[in-house]
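Below is one structure, written out as structure tokens; comments come after it.
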Amino acid sequence: MKARRLLHLTVSVALLCFVSGVSHAQQTFRMRIQAAVPAASIYFDLLKKFGERIDRMSNGRLKIEVLPDGAVVPAFEILDAVDKGVVEGGYAWTHYWSGKHPAAGIFSNPMAGAGVGLDQLSHIAWIFEGGGYDLYRKFYSDVLKVNIEPFFVQPMGPDPLGWFKRPIKDTADFKKLKYRSPPGITGEIFKEMGVSAVALPGGEIVPAAQRGVIDAAEWIGPADDMNLGLHTVWKNYYLQGLHQSTDIGEVIINKTFWNKLPPDIQEMVRTAAMASMTETYTYNVYRNAQAIVKLRDQFKVQIHDTPKDFYPEFVRATNVVLERYAQKDAFFKQVLDSQKNFAKTVVPYWTKILDLYSNLGNAALKAPEKASAKK
């Protein structure tokens, strides 16, 4: 009898464990990510791919719905909405939270490469190899003290200087215009240069341009700028922008929701974030190059190089403003010093490598002309 009872008990426990395991395996989670870009953005498409990848890896256990700018809250309120659990996730850039703490700006886009020449790839190297990610997580947990788990997902820099109602030959011409810039420190740098800068969410840029409220504006890049419709208002486009010479979009997740996810799904999210970094690079190169051809040939946009005197003036203004904040705030100084120390090692080497590609590209572009001349 005892043996029979023990057998029944063993079977019962085994069945309970099996049912529990099946129940756990079948448990599904749903996460809404409110984006700071409209549905027409290529980065909205990339965000959907991020969600679809997680869906496939988790076998449908984590479903992600991506919502466009303004679907639940305005773009600049996404952080608060995620912190409070109004939505489970958000997509934006850390500089959108500059009003909460100035260091926000130098995580997503250290202006002029932190004033010391970091480019997009060396910025990412700082994040993953130079201690940047630890500081990034500390920023949310200890400095802002929000209920957030953050992930970098989309390296999208450099952003062009932008669109102008008339050509500019130098920085002095630029100073005569009212310019839409990103919020926070970037706007202060333009003002330090003497440029009249105003921050506007993406959805308000074209209407403001049409009404003549602004004379020039930057957004993200050729493909997104065309989707936004900036080419329908102005026809002068300056490609090289130092204000966001490097720029990384982020996904922030409510930490209470995050902690409910099983460890394997959490690892899938981390893996999808890294995959999205690579995918964004490929998107940027090809989609933006295609957009430039279309803007120039179909919409008759004039593609210009940024005036040479803009570079030293912007770097000067950047270092003035960054140093001002470093003197006021210990955490800001910690992040900036980390970037500058990393740059001392990386920038001398990496700049030489970038020279290789610049010289190679220019040589290749000139080669057909020489071949034709010989014929």
Side-chain angles (χ1 to χ4, degrees), residues 35-38 40-44 46 69 75 91-96 98 104-115 117-124 152-164 168 174 177 179-190 193 195 197-206 209 214 216-231 234 236-250 277 280-281 283-292 295 301 303-307 310-311 314-315 317-318 354:
V37 294
S41 169
I42 65 170
Y43 302 103
F44 189 88
L46 284 165
D69 181 13
Y91 168 87
W93 305 267
T94 61
H95 65 262
Y96 268 42
S98 296
I106 55 176
F107 280 106
S108 60
N109 62 296
M111 309 78 190
L118 292 172
D119 79 324
Q120 182 70 82
L121 194 54
S122 54
H123 175 196
I124 290 174
F152 281 119
V153 292
Q154 292 180 4
M156 57 184 65
D159 292 10
L161 184 62
W163 299 81
F164 291 72
I168 56 171
F174 191 4
L177 306 175
Y179 175 75
R180 183 275 173 188
S181 82
I185 294 175
T186 304
E188 292 185 42
I189 292 170
F190 279 116
M193 292 177 62
V195 174
V198 58
L200 293 171
E204 297 180 19
I205 298 174
V206 170
I214 54 176
E218 68 83 50
W219 179 223
I220 295 178
D224 252 39
D225 290 6
M226 184 169 64
N227 288 341
L228 199 64
L230 279 159
H231 63 289
W234 297 315
N236 295 285
Y237 196 26
Y238 288 78
L239 279 186
Q240 302 93 359
L242 273 70
H243 61 291
Q244 289 180 313
S245 51
T246 173
D247 192 12
I248 308 180
E250 64 173 357
M277 298 285 282
T280 303
Y281 268 118
Y283 249 59
N284 278 345
V285 171
Y286 189 49
R287 299 298 179 91
N288 284 330
Q290 285 180 306
I292 283 294
L295 287 168
V301 171
I303 311 298
H304 303 280
D305 288 328
T306 296
F310 179 83
Y311 291 83
F314 192 90
V315 170
T318 294
L354 294 176

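Computed from a predicted structure; not experimentally measured.
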Mind checking the [atom1]-[atom2] spacing from [X] to [Y]? Nearest 0.5 Å is all I need.
| X | Y | atom1 | atom2 | result |
| --- | --- | --- | --- | --- |
| Thr306 | Ile168 | OG1 | CD1 | 7.0 Å |
| Phe174 | Leu161 | CZ | CG | 5.0 Å |
| Thr246 | Met156 | OG1 | CE | 10.5 Å |
| Ile205 | Leu228 | CD1 | CG | 5.5 Å |

Nearest atoms (heavy-atom pairs only) where [X] meets [Y]:
| X | Y | value |
| --- | --- | --- |
| Glu218 | Pro160 | CB-O, 3.8 Å |
| Trp93 | Glu250 | C-OE2, 3.8 Å |
| Pro155 | Ile124 | CB-CD1, 3.4 Å |
| Leu295 | Pro222 | CD1-O, 4.2 Å |
| Phe164 | Ala216 | CD2-CB, 3.5 Å |
| Gly113 | Ser245 | N-OG, 3.5 Å |

Check: Per the side chain to side chain contact (heavy atoms under 4.5 Å, CB included) rule, which among Leu46, Ile42, Val285 passes with Thr280?
Finding: Leu46

For [X] and [Y], indicate whether the former's side chain and the latter's backbone hold a donor-acceptor pair under 3.5 Å.
| X | Y | result |
| --- | --- | --- |
| Gln154 | Tyr43 | yes |
| Thr318 | Met111 | no |
| Asp225 | Leu230 | no |
| Tyr91 | Val153 | no |
| Arg180 | Val198 | no |
| Asp247 | Pro158 | no |
| Gln244 | Asn109 | no |

Check: Quick check, are the ring centers of Phe107 and Phe152 under 6.0 angstrom apart?
Finding: no

Notebook entry, point to check: What's the verdict on side chain to side chain donor-acceptor pair (under 3.5 Å) for Asp159 and His243, showing C-alpha distance, side-chain angles and the deciding distance?
Noted result: CA-CA 8 Å; Asp159 292 10; His243 61 291; 4.9 Å; no

Next item on the list: Run the numbers on Trp219 and Val206 for side-chain contact (heavy atoms from CB on, under 4.5 Å), then give the verdict.
Entry: CA-CA 10 Å; Trp219 179 223; Val206 170; over 6 Å; no

Margin query: In the structure I gave you, are the side-chain heavy atoms of Asn227 and Ser41 within less than 4.5 Å of one another anywhere?
Written below: no

Check: Met193 versus Phe310: any side-chain heavy-atom pair under 4.5 Å?
Finding: yes

Note to self: Would Ile214 and Leu200 count as a side-chain contact (heavy atoms from CB on, under 4.5 Å) here? Give the steps.
What the structure shows: CA-CA 10 Å; Ile214 54 176; Leu200 293 171; 4.3 Å; yes

Notebook entry, point to check: Would one find more than 12 heavy atoms of other residues, nucleotides or ligands at under 6.0 Å from atom OH of Tyr311?
Noted result: yes

Check: side-chain contact (heavy atoms from CB on, under 4.5 Å) between Asp69 and Phe44: does it pass, once the steps are laid out?
Finding: CA-CA 10 Å; Asp69 181 13; Phe44 189 88; over 6 Å; no

Next item on the list: Please report the C-alpha distance between Leu239 and Ile292 in whole Å, then the side-chain angles of each, then the deciding distance to 0.1 Å, and finally whether the side-chain contact (heavy atoms from CB on, under 4.5 Å) criterion is met.
Entry: CA-CA 10 Å; Leu239 279 186; Ile292 283 294; 3.7 Å; yes

Next item on the list: Output all residues satisfying ring-ring contact (aromatic ring centres under 6.0 Å, His included) with Tyr237, sequence neighbours left out; order by chain, then residue number.
Entry: Trp163

Notebook entry, point to check: Who passes salt bridge (Lys or Arg N to Asp or Glu O under 4.0 Å) against Glu188, sequence neighbours left out?
Noted result: none

Notebook entry, point to check: Does the pair His95 and Ser108 meet the rule for a side chain to side chain donor-acceptor pair (under 3.5 Å), with working shown?
Noted result: CA-CA 6 Å; His95 65 262; Ser108 60; 3.0 Å; yes

